[in-house]
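One structure is given below, encoded as structure tokens.
In what follows, chains are A, B, ... by sequence order, proteins preceding strands, each numbered from 1.
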Amino acid sequence: MSLEIAVLAAGAAYAGGVFLYEEPEGLNGHLRPGHLVLVPFGRGERPEPGVVWRRLAGKPSEGRGPDEEERGVRPRRRVIRLLDEEPVLDPMRLEWAAWLSRTYLAPLSECLRLMIPAGLIPRREPVYERCAPEGARGGLEHAVAVSFAEQVLLAALAEGPLAHSEVHAILRDFPLAERQRALRRLLERGWIRRSWRIREGRPPTLRMIRLKEEGILQALREGGIRLGRRGEIVARRRRLLERLQEAGRPLPADWLQAETGCTPADLRQLTRWGIIEPVERPIWEAADPYPVPEEPPPLTSDQALAWRAIERALKVGRFHAFLLHGITGSGKTELYLQAVAETLRRGKGALILVPELALTPQTARRFEARFPGQVAVWTGGMSPAQERAIWERIRRRQARVVVGTRSALFVPVPDLGLIVIDEAHDPSYKQDLRPEIPYRIPAYHAVDAAMALARALEAVVILGTATPSIELRYQAEHGLLEELRLPRRFLGYRPRLAAQARHFGASLEGFVETEAEALTSGLPPVEVVDMRQELKAGNTGIFSRALERALDQVLRRGQQAILFLNRRGAAPFVFCRDCGHLMRCSQCDLPLAEHLHPTRWVCHHCGAVEPPVARCPHCGSRRLKGMGIGTQAVEEAVRRRWPAARVLRWDLDTAPTRAAHALIWRRFADGEADVLIGTQVLTKGLDLPLVTLVGVILADVGLGLPDFRAAERTFQLLIQVAGRAGRGLFGGRVIFQTYRPDHPAVAAAARYDLDGFYRGEVAFRKAHGYPPFARLVRLLYWHAEAERAREAAERLGEALRHHLMAKGAPPSAMIGPAPCYFSRLRGLYRWHILLRGPDPVAWLRDFPLPPEWRVDVDPLEVL
DNA sequence: AAAAGGCCAGTG
DNA sequence: ACTGGCCTTTTC
């Protein structure tokens, strides 16, 4: 009996990923597809994780492909051990992995690797031991040269085997190279042997806190005990104790900290005083910290209409996919929540995907409030231990609702009944290909992958967005998705709004009451300002007269404004005024942008920061000048023109981390600033009800790029940004400044004319044979030497041309090879070949594509 | 990717 | 002889 095992080691993919192994003795007949095992792999026999793919029939005559005959008989290695009694992947997900592999032309092992978080794999460490003296080629006494390090090591190994880390500790007085040399030489000569030790992973536990002194709160009240010196510290420690008392049972430490503001130091101190006590519990036994779920509000009539369709699909329990097309603020999330509730009632699990830079914790909190204790958050950047803990909670059905980013799609939620993809148009749902990621990972799109999974599982999919992509709308038009519309923004219910209105001195006039005291509003009106006219009128500033007046008014009224410009820094280009030379990144051949405070030149692709030079490298002139504007220039201009205004900037410079994003959003939402200036990161935040003005400083950024989706991206961005205004009682207005007021993306966005833009774009795509009328595959190659990149691309192009001809594909099916538009990034020259046709992947299936070529199926951009 | 094997110039 | 450095090969 042998087993086909997909080996998840990086290198396995180079050889197809699936290998034959023998079943270990102790487990005869036990291993099934989907089981996670460790197998020896490669020349070093390093234990690597693998997923059992198939059992092959026992007879050697059967189940042997012709290629195996060619390879000849070779003693197969044996599976080292089973890592988890239960298969980690069910048959449906194995089938799905095969689909991913076929669809994205990626090795099966790389597709399965997406579904196995690193936290499930135990740590492995080499162990060295002295061989029996007979085994060695010549005894110590015959040695010609034995270095001092080798002698020390041999002496230590005489006492018994040593782990890798122990060897390095013993040899710590020798330089690293010397230690490695000693190990290699002794191994080569057969004096020592290497094997592998697998560090037993302990089942994940959760640190919980137990209240030790029951009477502590009583004592506190009577004033006998002090919990600390400063009031703030005392307050949060008291909050912690109250929570524990209320619950009457241990609560998770991290949850307590988040909830009460206590720090690990607080917990240590209280433990030292004997007031509380940490206890470790298996993760799946963790008690539910939230006792009372929040009540769902009544639905508005728009929501109710959409809900009937969703509810029906959930009740039928077959595959069904919705495009929930709802403008910003129309109440999509409430529908997600109700859909999750219905899914849970049916005993199934739910998955909610959110875009990468979204404020995931805030979104997750809304779900946690409704489904207390049942929500797991899955984002990138977790530690292996966290991954393992959350994964176990999900698998053991402790958490039935998973909220997360793209990678959460691959968490095996048992009995998955619903997949929600919020902001489904967001580009972060597409796995991008980067040169530093080895080999060919599947360039999947979470929407397509989710649809395939849902089909296999008979689950329901909801794709929510205010700006559906052309492809999604096209699919909806052709019956592949059911489109549901939420055309009005939901403000809130009359009683609460009335109270707010009194507080802010606003009025509820002009809002539409759809039913049951639910007030809705339309989208804020957009004014397009032609900046060429401003120039003619002698206004060379950043702000048009209209925007200036509008900002004046907003600041006078104490409301908030957002200024949007999709460019960081002070100036996107630095030119020499004498010879016109453009400063470029040495690694990327992209223009350097000027940033201020301190003045520096930054490459917006690779992030390289260069100190500004005084003289033009081309002509030696000292007259170098930043041209154009970025968010930093807008900030300076606002500060100059409105010195009293409180300004916040939100872009990658001011918010490098997720926490920083949340902080800026929080500060602005709390009214700590009047004007928020930012790039597209600010389209992803949540509700900001006091914003009454959105100014787009330059709407045409990005329209000049030679990419067939450039117009669509700009259109979506403008709609999203406009949607940030007027989400509260004061209404709102939007101003687009542009040099191209007639461009369809700008003009249609200003009218919120999604249908008009869609029709125009579809006609364009049809005329030029772009998706959805054809599919694209982009083959990418990169290399540090320009010549080698060109050669490789031309060689492959030649081979592909012949292959396509033999397949009967038209000559127009292949575009290129050609250098990419961004021809050099991070020091690598980039070439690509585009394939275009009804199913270009099919042409490649029997084509021997060298592994260093990356395949981007359905690329989002072709730059 | 990572380990192992092969090749070759430099060293005592 | 024996290194160390650099490349190629292989992964069941």
Side-chain angles (χ1 to χ4, degrees), chain A residues 1-24 31 33 35 37-58 60 63-80 106-110 112-114 116 118 121 123-128 137-138 142-150 164 174-196 433-441 782-785 788 848 850-854:
Chain A
M1 173 66 68
S2 51
L3 297 162
E4 276 189 335
I5 292 178
V7 179
L8 307 185
Y14 286 83
V18 179
F19 300 90
L20 281 168
Y21 283 90
E22 289 295 322
E23 198 157 25
L31 289 182
H35 264 134
V37 292
L38 276 182
V39 294
F41 184 77
R43 290 204 246 247
E45 307 236 331
R46 190 181 135 96
E48 298 283 6
V51 173
V52 178
W53 182 244
R54 280 199 302 177
R55 302 182 70 90
L56 292 187
R64 265 185 187 224
D67 43 322
E68 199 189 333
E69 305 276 0
E70 272 166 42
R71 273 177 269 148
V73 200
R74 176 167 17 155
R76 283 196 195 117
R77 291 177 186 170
R78 213 172 270 285
V79 171
I80 299 171
L108 183 66
S109 56
E110 290 299 303
L112 287 165
R113 199 145 72 128
L114 295 170
I116 309 295
I121 314 303
R123 298 173 61 83
R124 295 141 286 160
E125 192 180 29
V127 176
Y128 303 93
R137 267 181 276 128
H142 304 297
V144 185
V146 179
S147 74
F148 186 40
E150 286 165 54
H164 195 72
F174 299 93
L176 185 67
E178 182 70 23
R179 291 180 233 163
Q180 285 166 343
R181 187 170 36 224
L183 277 171
R184 206 189 52 221
R185 283 185 41 157
L186 293 176
L187 278 168
E188 259 169 22
R189 293 174 187 177
W191 289 357
I192 64 173
R193 195 169 43 224
R194 189 184 63 187
S195 56
W196 294 86
L433 301 174
R434 276 176 286 129
E436 62 270 22
I437 296 175
Y439 202 65
R440 210 179 283 157
I441 57 169
W782 39 129
H783 201 280
E785 290 163 52
R788 294 199 45 187
E852 56 285 6
W853 279 81
R854 309 300 155 92

Could you check whether R185(A) makes a cation-pi contact with W191(A), meaning its NZ or CZ is under 6.0 Å from the centre of the six-membered ring and within 45° of the ring axis?
no
Against the side chain of R77(A), the closest entry in dA1(B), dC12(C), dA4(B) is dC12(C)
Interatomic distance, CH2@W53(A) vs CG@L3(A), rounded to 0.5 Å, equals 14.0 Å
Counting only heavy atoms not in R78(A), do more than 12 sit closer than 6.0 Å to its CZ atom?
yes
By the 4.0 Å heavy-atom rule, please label F41(A) as base, sugar-phosphate, or nothing.
base
Among E48(A), E22(A), E45(A), the one residue meeting salt bridge (charged side-chain N to carboxylate O under 4.0 Å, His left out) with R77(A):
E45(A)
Which part of the nucleic acid, if any, lies within reach of G44(A) when heavy atoms closer than 4.0 Å are counted: base, sugar-phosphate only, or nothing?
sugar-phosphate
Round to a whole Å and report the spacing from CD of E45(A) to P of dA2(B).
18 Å
Can you measure from CD (E110(A)) to CZ (R440(A)) and round to the nearest 0.5 angstrom?
10.5 Å
Rounded to the Å, how far apart are E48(A) CD and dC12(C) C1'?
14 Å
May I have the distance from L8(A) (atom CG) to dA1(B) (atom C1'), rounded to whole angstrom?
14 Å
Whole angstroms only, please: what is the CD-P distance between E110(A) and dA1(B)?
10 Å
How long is the line joining CD of Q180(A) and C1' of dA2(B), in whole Å?
14 Å
Measure the CZ-OH distance between R194(A) and Y128(A) for me, rounded to the nearest 0.5 Å.
5.5 Å
Euclidean distance, atom CG of residue L56(A) to atom P of dC12(C) [Å, nearest integer]
16 Å
Rounded to whole angstrom units, what separation is found between the CG atom of L183(A) and the C1' atom of dA4(B)?
15 Å
Remember a base hit wins even if backbone is also touched, and classify A12(A) as base, sugar-phosphate or nothing at under 4.0 Å, heavy atoms.
nothing
Output a table of nitrogen or oxygen pairs between the protein and nucleotides 4-8 of chain C separated by less than 3.5 Å.
| residue | atom | partner | partner atom | Å |
| --- | --- | --- | --- | --- |
| dG4(C) | OP1 | R181(A) | NE | 2.9 |
| dG4(C) | OP1 | R181(A) | NH1 | 2.2 |
| dG4(C) | OP2 | R184(A) | NH2 | 3.4 |

Report yes if some heavy atom in the side chain of E4(A) is under 4.5 Å from a heavy atom in the side chain of F19(A); otherwise report no.
no
In whole Å, I'd like the distance from the CZ atom of R194(A) to the P atom of dA3(B).
7 Å
